[in-house]
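The chains referred to below are lettered A, B, ... by the order of the sequence lines, with proteins before strands, and numbering in each begins at 1.
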Amino acid sequence: MTGPPLLEVDGLRVEYPSKAGPTYPVDGVSFSIDRGEVVALVGESGCGKSLTSLALLRLVPNPGRVAPGSVVRLDGQDVGRLENEALRAIRGGRIGLVFQDPNTSLNPVLTIGYQVLEAVTAHRRLGKTEAKQRVLALLEEVGIPDPLARYRSYPHELSGGLKQRVMIAIALAGEPDLLIADEPTTALDVTIQAQILELLERLRATRRMAVLLITHDLGVVAGRAGRVLVMYAGRLVESGPTDRIFSDPAHPYTQALLRSIPRLTGPIDRLAPIAGVVPQSAAWPLGCRFHPRCPLAVPACSSETPPWRATAPGHEAQCWLVEGTR
Amino acid sequence: MTGSLAVTLRRALSQSDARVAAVTLAALLTFAVVVPIVVPGWREMPNLGAGAEPPSWAHPFGTDTLSRDLFARVAYGGRISLAIAGLAALLSLSIGTGIGLMAGYAGGVVDTLLMRFVDAALAVPRLFILLLMLAAWDRVPLPAFIAVLGLTGWFGTSRLVRAEVLRVRAEPFVAAAKNLGAGAARTIFRHLLPNVLGVVLVSAALSIGEVILLEAGLSFLGVGVQPPTPSWGAMVLDGRDALTTTPWTILFPGVAILVTVLAVNVLADALRAAFDPRSA
Amino acid sequence: MTPLLEVTELVKHFENGGGLLRAQHAIHAVNGVSFSIDRGETLALVGESGSGKTTVGKTVLRLLEPTSGSLRFDGTDLLAATRNELRTLRRRLQIVFQDPYGSLDPRMTVGASVAEGIEIHRLVPKAEIANRVGQLLTEVGLDPALAEKYPHEFSGGQRQRIGIARALAVDPDFIVLDEPVSALDVSVQAQIINLLLDLQRDRGLAYLFIGHDLGVVRHLAGRIAVMYFGRIVEIGSRDEVLERPRHPYTQALISAVPVPEPGSARTRIVLPGDPPSPLVQPSGCPFASRCFHPAKNATCASQRPLLRQLRGAEVACHHAE
């Protein structure tokens with residue numbers, strides 16, 4: 001793809017103050033997303049993947065903040081330098097957000113129609129009928145049956161799957177170039193999950209919208225994302241085309257993660273868990289952060305942060321053991 | 001339970017504001033217990049007719065219009081006020097916690113009956129109930145006064161405790177205990193009570209403040225502590241007309257009430273946190 | 001040999017609403033479920049939320065009272081048991097919950113939680129309780145020195161281990177595993193699955209595993225029952241149900257599982273719509289409204305299919321072969 005990427009993130013860190021000095025739950029994350037591309041950010045709970053997405057919009061919960069020196073560019077424009085007005089035009093405007101739990105993301109006392117309307121009129125001045133037309137069109141687009149009837153419904157009258165569709169409609173109201181979907185299907189049943197993933201793929205194709213899909217489930221990623229970013233303990237450890245990440249994972253963490261998944265096909269062996277527990281941001285290990293749990297660790301791993309090395313075009317891992325070029 | 005009581009207390013007192021509150025309360029108690037022994041003249045009127053005198057070396061808190069020493073009176077009033085507040089709050093908290101646990105654990109008809117009764121009781125102003133009950137006596141004996149205050153103060157607490165019990169009872173760990181064979185007593189005392197103690201302590205802080213002020217109001221209406229026996233509340237109300245002329249007559253009992261209520265609140269908050277192992 | 005647990009025509013309705021001005025509704029959570037579990041085996045109950053699988057698990061333990069049906073454990077009628085008999089039986093039937101946060105009393109040390117069952121049933125002399133708790137913690141892969149700590153000091157996976165130790169403390173024959181790994185990360189999930197398999201092998205435990213992740217179920221269960229709308233729609237051996245699913249719902253469920261293999265040549269079946277409301281009982285097949293079976297016809301809408309024996313599995317579908 002030519003031209004600057006849609007989103008460029010460079011050295012993103014999120015800082016939280018604590019008595020023992022600041023901690024960095026997100027600690028130097030760099031990646032980019034092109035227009036119309038689906039990128040998956042994968043990691044286990046506590047790795048900082050959700051915080052990364054919030055940091056892109058400067059929505060880090062108190063008392064945290066995006067550390068100085070972090071760069072987030074949208075279309076070449078530095079989001080970190082924007083004032084409130086301009087920042088608001090991006091939040092829910094050029095970048096839409098969908099959260100994990102549709103049951104708590106909607107206000108229970110307001111109608112569906114009102115809540116989508118609010119999103120529609122937040123970014124554009126529209127006449128009453130025009131705005132309502134727009135809401136109905138959005139509800140239609142995300143596959144809500146009988147939008148006119150649903151306009152007056154309250155959230156509790158809708159199933160979890162329909163509520164998540166409403167959340168997506170709200171995220172689409174600002175005509176975003178990038179949709180951040182943070183575990184959009186985790187709270188849903190598998191058959192409903194398939195529906196929502198299908199919908200996201202359709203929207204990406206028809207709107208040429210980029211999607212940042214944040215998930216813990218490598219199964220959700222396969223066949224949905226073009227590229228995968230694997231995150232561990234506040235840092236990216238591997239990035240590459242989805243097919244390669246699954247067929248030829250370079251980082252021992254990615255390899256171990258793939259081995260630990262109970263699968264529907266193949267021999268029913270004993271599972272291969274990753275030993276130990278995920279470290280906490282107050283005590284990230286020195287060197288490679290995976291080294292205490294890594295079966296392949298060598299002495300260098302515990303003292304120095306490994307460099308990024310490329311094993312193939314566009315496929316890189318941050319590991320001492322990876323043979324490749326920087 | 002959360003370790004031993006001593007551990008909990010030590011944890012509560014590890015915070016400096018809680019230590020200040022505890023020391024303050026202890027000082028107030030000592031003041032109320034010791035001073036009336038050393039300075040017994042709380043009802044003597046040596047200079048009747050001289051009017052109220054401002055604080056001096058002889059009378060550190062000044063005297064009131066009847067020339068009674070306010071230092072001695074505030075101390076003696078403290079005995080009365082603190083005893084009433086402490087015992088009445090203890091009584092109402094015990095009843096409220098018991099009823100709340102019973103209603104929340106038993107559910108069904110027991111819960112409905114108890115809570116409808118509480119609804120009805122809460123609909124009637126407490127002062128009105130108190131006046132009705134206290135009208136039975138010419139001169140209310142102190143134990144009866146405390147009992148009546150305690151018996152009318154548990155409605156709100158029972159409501160709070162019941163709501164908390166309903167929340168805790170739905171947690172899987174209660175089902176796990178039941179499945180291990182735990183009976184009602186074990187479920188209530190090992191699992192429910194420790195998990196609702198936080199609410200009880202918040203309720204305790206509110207209730208002590210409320211009782212001190214209620215006692216003042218009742219004494220003023222003539223059905224509480226009777227003159228010449230002083231209580232902090234009664235002294236504040238006695239001196240209310242003197243605010244501009246002899247402010248010291250209400251300053252000292254007023255400050256005593258304020259400091260007590262504040263200290264109790266801080267201490268209750270620290271205890272609530274200390275009872276919760278997650279806040280350690 | 002009689003099965004360890006025998007569940008026959010289990011029904012559980014929840015009465016809902018029913019105020020002064022509202023009519024009372026019954027939520028039909030479980031509508032007649034029958035199965036049995038042998039010693040040392042695992043049956044998985046699979047289904048989506050609202051399918052009634054968790055309700056079955058709780059009713060089997062009488063944490064919920066069944067509306068009708070029969071429950072027999074090791075030959076004893078669980079529903080006819082007196083309070084004292086039930087207390088003794090409960091020792092042999094345990095449960096591990098989904099939520100690693102709510103399943104332990106936050107005010108009790110984990111040692112006290114694990115010791116609770118031992119105290120209630122007086123299984124060992126008082127002086128030996130601490131020792132026994134230490135053994136149990138070791139058995140589930142935790143350091144016995146952690147007994148003095150409180151639940152909030154542990155990670156989700158560690159808490160599940162503690163929950164398992166609490167269940168094991170009373171030496172049960174049978175454990176209901178209510179989605180015990182759903183809330184855990186994959187790497188930790190695998191640790192717990194391996195632990196459950198080891199314990200089953202060492203202690204001869206029987207499991208009723210309630211879950212929705214078919215990959216996990218495949219690794220744990222020898223037999224699988226698929227539930228939809230309060231009924232079992234397909235039940236059979238692991239291989240029959242997963243390799244040769246006969247019921248269209250089972251087929252859709254398997255096809256919807258996200259598989260970590262891009263470009264795997266599976267046909268995806270995306271079911272339309274949501275499961276029906278549990279307030280209304282459809283007269284025909286409850287799955288008919290979402291069914292994609294080419295032979296779907298008027299019979300499906302009018303007649304409820306009963307489980308029938310097909311080769312290797314029982315299936316509730318008019319058109320399954």
Side-chain angles (χ1 to χ4, degrees), chain A residues 43-47 143 145 158-162 185 187-199 215-225 228 241-247 253 256-266 268-278 280 293, chain C residues 46-51 154-158 181-195 197-198 211-222 228 238-239 242-243 249 252-264 266 268-275 277 290:
Chain A
E44 298 183 275
S45 50
C47 74
L158 270 58
S159 67
L162 283 183
T185 60
L188 305 174
D189 282 320
V190 272
T191 62
I192 309 299
Q193 178 175 3
Q195 295 174 0
I196 297 292
L197 290 171
E198 202 93 327
L199 170 67
T215 179
H216 71 281
D217 187 346
L218 280 162
V220 165
V221 170
R224 308 284 179 188
V228 176
T242 307
D243 290 2
R244 278 198 59 91
I245 295 276
F246 283 96
S247 64
Y253 174 62
L257 205 56
L258 280 166
R259 269 200 307 272
S260 69
I261 302 174
R263 291 165 192 264
L264 265 186
T265 51
I268 304 177
D269 294 333
R270 223 179 137 69
L271 291 167
I274 305 177
V277 290
V278 179
Q280 304 285 308
R293 303 175 72 192
Chain C
V46 176
E48 299 182 273
S49 49
S51 64
F154 293 88
S155 68
Q158 289 172 316
V181 298
S182 308
L184 306 175
D185 279 316
V186 260
S187 68
V188 180
Q189 181 176 304
Q191 296 174 1
I192 302 296
I193 292 170
N194 284 348
L195 173 65
L197 288 171
D198 291 346
H212 66 270
D213 185 329
L214 289 174
V216 173
V217 163
R218 179 166 176 265
H219 279 78
L220 271 165
Y228 188 77
R238 159 173 59 201
D239 292 344
L242 293 181
E243 304 297 329
Y249 177 66
L253 207 57
I254 293 172
S255 112
V257 174
V259 171
E261 281 141 42
S264 68
R266 293 187 316 146
R268 278 211 176 95
I269 307 166
V270 176
L271 285 182
D274 294 299
S277 153
R290 300 173 81 195

J.: In terms of heavy-atom pairs under 4.5 Å, which option from C:Ala252, C:Ser155, C:Ala190, C:Gly47 contacts chain A the most?
T.: C:Ala190
J.: Is it the case that the side chain of A:Asp189 and the backbone of C:Ser49 share a donor-acceptor pair, with hydrogens and angles ignored and the cut-off at 3.5 Å?
T.: yes
J.: If you round to the nearest 0.5 Å, how far is CD of C:Glu243 from CG of A:Leu264?
T.: 8.5 Å
J.: Go through the atoms of A:Asp217 and report whether side chain, backbone, both or neither lie under 4.5 Å from a heavy atom of chain C.
T.: side chain
J.: Contact part of A:Arg293 toward chain C, heavy-atom cut-off under 4.5 Å: side chain, backbone, both or neither?
T.: side chain
J.: Between A:Ala225 and chain C, with a heavy-atom cut-off of 4.5 Å, which part of the residue counts as in contact: side chain, backbone, both or neither?
T.: neither
J.: A:Ser260 versus C:Gln191: any side-chain heavy-atom pair under 4.5 Å?
T.: no
J.: What is the distance from atom CD1 of A:Ile192 to atom CG of C:Leu271, rounded to the nearest 0.5 Å?
T.: 8.0 Å
J.: Using non-hydrogen atoms and a 4.5 Å limit, figure out which bit of A:Val221 sits close to chain C: side chain, backbone, both or neither.
T.: neither
J.: Does any heavy atom of chain C fall under 4.5 Å from the side chain of A:Glu198, the backbone, both, or neither of them?
T.: side chain
J.: Quick one: does A:Pro273's side chain get under 4.5 Å of C:Val188's, heavy atoms only?
T.: no
J.: Heavy atoms, side chains only, cut-off 4.5 Å: are A:Thr191 and C:Arg290 in contact?
T.: yes
J.: Any idea which of A:Gly161, A:Ala272, A:Ser159 has the most non-hydrogen atom pairs under 4.5 angstrom with chain C?
T.: A:Ser159
J.: Using 0.5 Å steps for rounding, measure from the CD atom of A:Gln193 to the NE2 atom of C:His212.
T.: 8.0 Å
J.: Quick one: does C:Asp198's side chain get under 4.5 Å of A:Arg270's, heavy atoms only?
T.: yes
J.: Less than 4.5 Å to any heavy atom of chain A: does that hold for the side chain of C:Leu214, its backbone, both, or neither?
T.: both
J.: Which atoms form the tightest heavy-atom contact between A:Asp269 and C:His219, and what is the distance?
T.: O-CD2, 3.3 Å
J.: Find out whether C:Arg238 and A:Ile268 are in side-chain contact, i.e. whether some heavy atom of one side chain is under 4.5 Å from a heavy atom of the other.
T.: yes
J.: For the interface with chain A, which of C:Leu184, C:Val186, C:Ile193 has the highest count of heavy-atom pairs at distances below 4.5 Å?
T.: C:Val186
J.: Scan side-chain atoms only and decide if C:Arg218 and A:Thr265 contain a donor-acceptor pair under the 3.5 Å cut-off.
T.: no
J.: Please tell me whether A:Glu44 and C:Ser187 have a donor and an acceptor in their side chains that are separated by less than 3.5 angstrom.
T.: yes
